[in-house]
Amino acid sequence: MIDLSPKMTEALNQQISYEGYASSFYLALAYWCDIQALQGCKKFFLRQSDEERMHMLKLYEYMSEAGVQPMTPALPQPPIKYKSIQEAFHKVFEQERSVTAAIHNLLKLSYEENDFNTQNFLQWYVDEQREEEAVIRTILDRIKVIGEGGQSLYYIDKEVDKINIQVVAAEKTVGGV
Ligand code: FEO
């Protein structure tokens, strides 16, 4: 049986709002990319937005299993404009780092509270964040190599599209589909 303390309940609700914000952040970014004609990046961020929604829903299900009604938070407005795709990916990295820090704090709390079920549940998020950060780091490295010349946007978009295909293929392999 899952027994969530009031403190843990509040912290999980807070995480719901972070994951919800992340989903909306990526959705807004996907349509900024659309306007810039960066279709590879748009696809990447739309998939990412769906992933973040799934992260949020997993928290809903976990809390519901514990007999607690999750909060559905009002979310802050995400950015809708960027100076460049380079800046956008740097912001994405900051965004993911902040979610990683929040997950680590949640995990710390679960240890303090001897909440073994939540510790176990959160391990999936620790792995997921590590993978997401690795993908964004790879993209940032490629952006650095491509540089900022005349056709850089074209090549960045192609690279992001390629990475998108690899991530989807890796998910299918892990999921056994
Ligand atoms: Fe679910 Fe990437 O934060």
Side-chain angles (χ1 to χ4, degrees), residues 12 14-62 75-76 78-108 120-149 151-177:
L12 290 170
Q14 188 63 55
Q15 193 63 35
I16 283 180
S17 72
Y18 294 150
E19 302 292 351
Y21 177 77
S23 178
S24 140
F25 171 89
Y26 284 122
L27 187 58
L29 185 45
Y31 282 89
W32 177 81
C33 291
D34 185 61
I35 292 296
Q36 316 299 316
L38 297 168
Q39 293 303 314
C41 293
K42 176 187 176 184
K43 232 192 288 169
F44 180 86
F45 290 125
L46 277 180
R47 187 192 47 75
Q48 195 62 37
S49 175
D50 283 348
E51 290 244 333
E52 298 298 352
R53 180 175 152 77
M54 182 268 282
H55 298 174
M56 180 179 73
L57 292 179
K58 269 175 95 81
L59 285 152
Y60 271 79
E61 283 302 312
Y62 181 68
L75 300 172
I80 53 165
K81 279 191 182 149
Y82 296 88
K83 282 193 212 112
S84 62
I85 191 66
Q86 288 88 344
E87 183 202 44
F89 272 105
H90 282 286
K91 294 266 184 234
V92 164
F93 192 62
E94 279 170 26
Q95 162 65 28
E96 287 304 332
R97 294 289 290 167
S98 74
V99 174
T100 300
I103 291 290
H104 291 178
N105 284 336
L106 257 183
L107 194 59
K108 242 185 267 168
N120 192 37
F121 169 70
L122 289 173
Q123 200 51 56
W124 181 88
Y125 286 85
V126 172
D127 295 341
E128 185 74 5
Q129 282 307 120
R130 193 194 60 245
E131 284 165 19
E132 284 189 343
E133 281 191 25
V135 170
I136 303 300
R137 260 184 219 276
T138 302
I139 293 174
L140 284 174
D141 286 346
R142 294 200 187 162
I143 284 177
K144 214 191 287 175
V145 171
I146 291 169
E148 300 197 2
Q151 292 197 315
S152 62
L153 280 185
Y154 174 81
Y155 288 113
I156 289 171
D157 199 46
K158 285 262 170 249
E159 281 301 311
V160 173
D161 202 20
K162 253 194 260 167
I163 288 174
N164 201 26
I165 291 165
Q166 286 163 7
V167 170
V168 171
E171 281 167 359
K172 281 189 178 161
T173 307
V174 170
V177 181

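These numbers come from the heavy atoms of this one structure, side chains and all, not from hydrogens, waters or symmetry mates.
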Heavy-atom neighbours of Glu148 CD exceed 12 at 6.0 Å =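 No, because the 6.0 Å sphere around CD of Glu148 holds 12 heavy atoms or fewer from other groups.
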Just wondering, more than 12 heavy atoms not from Arg53 lying within 6.0 Å of its CZ?
->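 For Arg53, atom CZ is not crowded (no more than 12 foreign heavy atoms under 6.0 Å).
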Identify whether the distance between the nearest side-chain nitrogen and carboxylate oxygen of Glu128 and Lys58 falls below 4.0 Å.
-> no
Contacts of [X] that satisfy side-chain hydrogen bond (donor to acceptor under 3.5 Å, both in side chains) - sequence neighbours left out:
| X | answer |
| --- | --- |
| Thr100 | Gln129, Glu133 |
| Asp157 | none |
| Gln15 | Glu19 |
| Tyr60 | Thr72 |

Residues two or more places apart in sequence or in another chain: which of them pass side chain to side chain contact (heavy atoms under 4.5 Å, CB included) with Ile35?
-> none
Counterpart residues, side chain to side chain contact (heavy atoms under 4.5 Å, CB included), relative to Asp127 (two or more places apart) |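 By the side chain to side chain contact (heavy atoms under 4.5 Å, CB included) rule, Asp127 matches Gln123, Arg130.
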Point-to-point distance, once rounded to the nearest 0.5 Å, from NZ of Lys158 to CD of Gln151 =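 With rounding to 0.5 Å, NZ (Lys158) is 11.5 Å from CD (Gln151).
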Between the CE atom in Met54 and the OG atom in Ser49, the distance rounded to the nearest 0.5 Å is 12.0 Å
Could you list the donor-acceptor pairs under 3.5 angstrom formed by side chains in residues 137-145, with sequence neighbours left out?
residue, atom, partner, partner atom, Å
Thr138, OG1, Ala134, O, 2.9
Arg142, NH1, Glu159, OE1, 3.0

Which residue pairs pass the salt bridge (Lys or Arg N to Asp or Glu O under 4.0 Å) test when at least one of the two sits in residues 29-39, sequence neighbours left out?
-> Asp34-Lys42
Can you spot which of Gln39, Gln166, Lys43 makes a side-chain hydrogen bond (donor to acceptor under 3.5 Å, both in side chains) with Asp161?
->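 Exactly one pass, corresponding to Lys43.
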Please name all residues satisfying salt bridge (Lys or Arg N to Asp or Glu O under 4.0 Å) with Glu87, sequence neighbours left out, ordered by chain then number.
->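 Result, salt bridge (Lys or Arg N to Asp or Glu O under 4.0 Å) vs Glu87: Lys83.
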Atom of Ala28, atom of Pro79 and distance for their closest heavy-atom approach = CB-O, 3.6 Å
Which atom names give the shortest non-hydrogen contact between Ser17 and Leu75, and what distance separates them?
-> O-CD2, 3.6 Å
Partners of Phe45 by ring-ring contact (aromatic ring centres under 6.0 Å, His included), sequence neighbours excluded?
-> Tyr26, Phe89
Residue set satisfying ring-ring contact (aromatic ring centres under 6.0 Å, His included) with Tyr82, at least two apart, ordered chain then number -> Trp32
Heavy-atom side-chain contact between Trp124 and His55 under 4.5 Å | yes
